[in-house]
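In what follows, a single structure is set out as structure tokens and then discussed.
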Number of protein chains: 2
Amino acid sequence: MLNSDSVDRVFHALGDATRRAIVERLSRGALSVSELARPLDITLAAVVQHLQVLEESGIVQTEKVGRVRSCQLQPDGLRVAESWLADRRGLWERRFDRLGQLLEEAEPPPGPSRRRKDKP
Amino acid sequence: MLNSDSVDRVFHALGDATRRAIVERLSRGALSVSELARPLDITLAAVVQHLQVLEESGIVQTEKVGRVRSCQLQPDGLRVAESWLADRRGLWERRFDRLGQLLEEAEPPPGPSRRRKDKP
DNA sequence: CCAATACTCAAGCCGCGACTTGACAATCAC
DNA sequence: GTGATTGTCAAGTCGCGGCTTGAGTATTGG
């Protein structure tokens, strides 16, 4: 849904560059934790912590089979952010329409200049 | 554009709940700094700091006329985030297609046609 | 069994970011 | 002019978030 709590978790998760890098890799396909950790020069434990944030926000889904945890994107998580952004832009554009209407109402379209009022 | 630096600034800006609240109000229309500050129970100075972050990320544009600074949304800033999200989901969906192709390759479907031919 | 792999957990360090305070500047209203 | 409004700046506090370390637990392969 769009309750402000999940919006908060999603945007907070995406606010970190390392987590966005993880999302980018996962958007190419599922990966294990150590595969995710390999190109990042941080500890495996740090990667796990990032994954917890991503999972609690609903962006990533993980499943442990044997001793390896497989991670994959859950696009519904990202869709929370997409909807929030779309809503903001929607309101902004509607506002422009209303502004246009107001301007048309208040000021009739500019005809020949009536700046000087000569007394005939 | 989509260089990782502006993506970073935009998502970092949106990672804070107060800043998102500001963006929500501004998507209804332009407001002054003190109007923005009124419903938020933080100092005016704190609001100004949030606005600096939002402005440097390109999400908000401000202009000072007289003693009042008027703030309005600049939707191109949000579009940076929207494109990043759309790209991620695009790749994820393309991945599903390729997976389907692989499955079809490995296991010839009972249907008539094959999408890809084997290496000669 | 033994060793290596692939995590997991708890604790602690530390810098950055959100926020306040207080003093100051510029503009408006009378 | 005086005083109120509106914002700006610099400095400092403080908690949270990202990261490491180190020890521990399953799981796999030979």
Side-chain angles (χ1 to χ4, degrees), chain A residues 4-26 29-73 77 81, chain B residues 4-26 29-73 77 81:
Chain A
S4 72
D5 211 29
S6 69
V7 172
D8 196 30
R9 275 194 290 270
V10 167
F11 273 108
H12 173 255
L14 294 177
D16 180 88
T18 303
R19 283 194 288 265
R20 283 198 311 280
I22 290 177
V23 170
E24 292 193 10
R25 309 252 329 277
L26 288 183
L31 290 171
S32 75
V33 179
S34 36
E35 283 170 333
L36 280 172
R38 190 120 40 222
L40 308 170
D41 55 352
I42 56 178
T43 312
L44 189 78
V47 175
V48 171
Q49 287 164 10
H50 282 304
L51 282 170
Q52 280 169 0
V53 173
L54 287 168
E55 192 162 15
E56 281 160 15
S57 76
I59 296 177
V60 162
Q61 188 190 0
T62 78
E63 186 197 6
K64 190 156 184 179
V65 36
R67 64 182 165 178
V68 40
R69 175 172 297 277
S70 169
C71 314
Q72 64 177 343
L73 222 63
Chain B
S4 72
D5 211 28
S6 69
V7 172
D8 196 31
R9 276 194 289 269
V10 167
F11 274 108
H12 173 254
L14 295 177
D16 180 89
T18 304
R19 282 194 289 264
R20 283 199 310 281
I22 290 177
V23 170
E24 292 193 12
R25 310 251 329 277
L26 288 183
L31 290 171
S32 76
V33 178
S34 36
E35 283 170 333
L36 280 172
R38 191 119 41 221
L40 307 172
D41 55 351
I42 57 179
T43 311
L44 189 78
V47 175
V48 171
Q49 286 163 10
H50 282 304
L51 283 170
Q52 280 167 0
V53 173
L54 287 168
E55 191 162 16
E56 282 160 16
S57 75
I59 296 177
V60 161
Q61 188 189 1
T62 79
E63 187 197 6
K64 189 156 185 179
V65 36
R67 64 179 167 180
V68 40
R69 174 172 298 276
S70 170
C71 314
Q72 65 177 344
L73 222 61

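Proteins get letters first, then strands, A, B, ... in listed order; numbering begins at 1 in each.
- In this structure, CG of Leu44(A) is placed 13 Å from P of dT21(D), rounded to the nearest angstrom.
- Among the atoms of the strands shown, base atoms are found under 4.0 Å from some heavy atom of Thr43(B).
- Side chain of Glu56(A) to main chain of Val53(A): no donor-acceptor pair is present (N/O by atom type, distance under 3.5 Å, no hydrogens or angles).
- For Arg25(A) (side chain) and Leu36(A) (main-chain N/O), a donor-acceptor pair under 3.5 Å exists by modelled atom type.
- For dT27(D), its base sits under 3.5 Å from the side chain of Arg67(A) at one donor and acceptor pair at least.
- Of the residues in residues 8-20 of chain A, none lies under 4.0 Å from DNA chain C by heavy-atom distance.
- The shortest side-chain heavy-atom distance between Gln72(B) and Val60(B) does not fall under the 4.5 Å cut-off.
- Between Ser34(B) and dT5(D) there is no side-chain N or O to OP1 or OP2 distance below 4.0 Å.
- In this entry the distance linking CD of Glu56(A) with P of dG17(D) reads 11 Å, nearest Å.
- Between the side chain of Glu35(B) and the base of dT6(D), no donor-acceptor pair under 3.5 Å is found.
- Take the nearest nucleotide of DNA chain D for Gly66(A) and for Ile42(A): the residue whose nucleotide is more 5' is Ile42(A).
- Computed from coordinates, the Leu51(B) CG to dC9(D) P distance equals 13 Å when rounded to whole Å.
- Interatomic distance, CG of Leu73(B) versus CG of Leu54(B), reported as 9.0 Å (0.5 Å rounding).
- Side-chain contact check for Glu63(B) and Ser70(B): no donor-acceptor pair (N or O, by modelled atom type) lies under 3.5 Å.
- Rounded to whole Å, atom C1' of dT5(D) lies 12 Å from atom NZ of Lys64(B).
- Between His50(A) and dG17(D), a side-chain N or O to OP1/OP2 separation shorter than 4.0 Å is absent.
- Side-chain to base pairing of Gln49(A) with dT20(D): one donor and one acceptor N or O lie within less than 3.5 Å of each other.
- Thr43(A) has its side chain out of reach of Val48(A): every pair of non-hydrogen atoms, C-beta onward, lies at least 4.5 Å apart.
- In this structure the side chain of His50(B) reaches within 4.5 angstrom of the side chain of Asp16(B), judged on heavy atoms.
- DNA chain D is contacted by both Val65(A) and Arg69(B); Arg69(B) maps to the nucleotide lying nearer its 5′ end (nearest heavy atom per residue).
- If you take CG of Asp41(B) and C1' of dC19(C), they are 12 Å apart, rounded to a whole angstrom.
- The CD-P distance, from Glu63(B) to dT6(D), rounds to 18 Å in whole Å.
- Considering only the side chain of Ser32(A), dC7(C) comes nearest among dC7(C), dT20(C), dG7(D).
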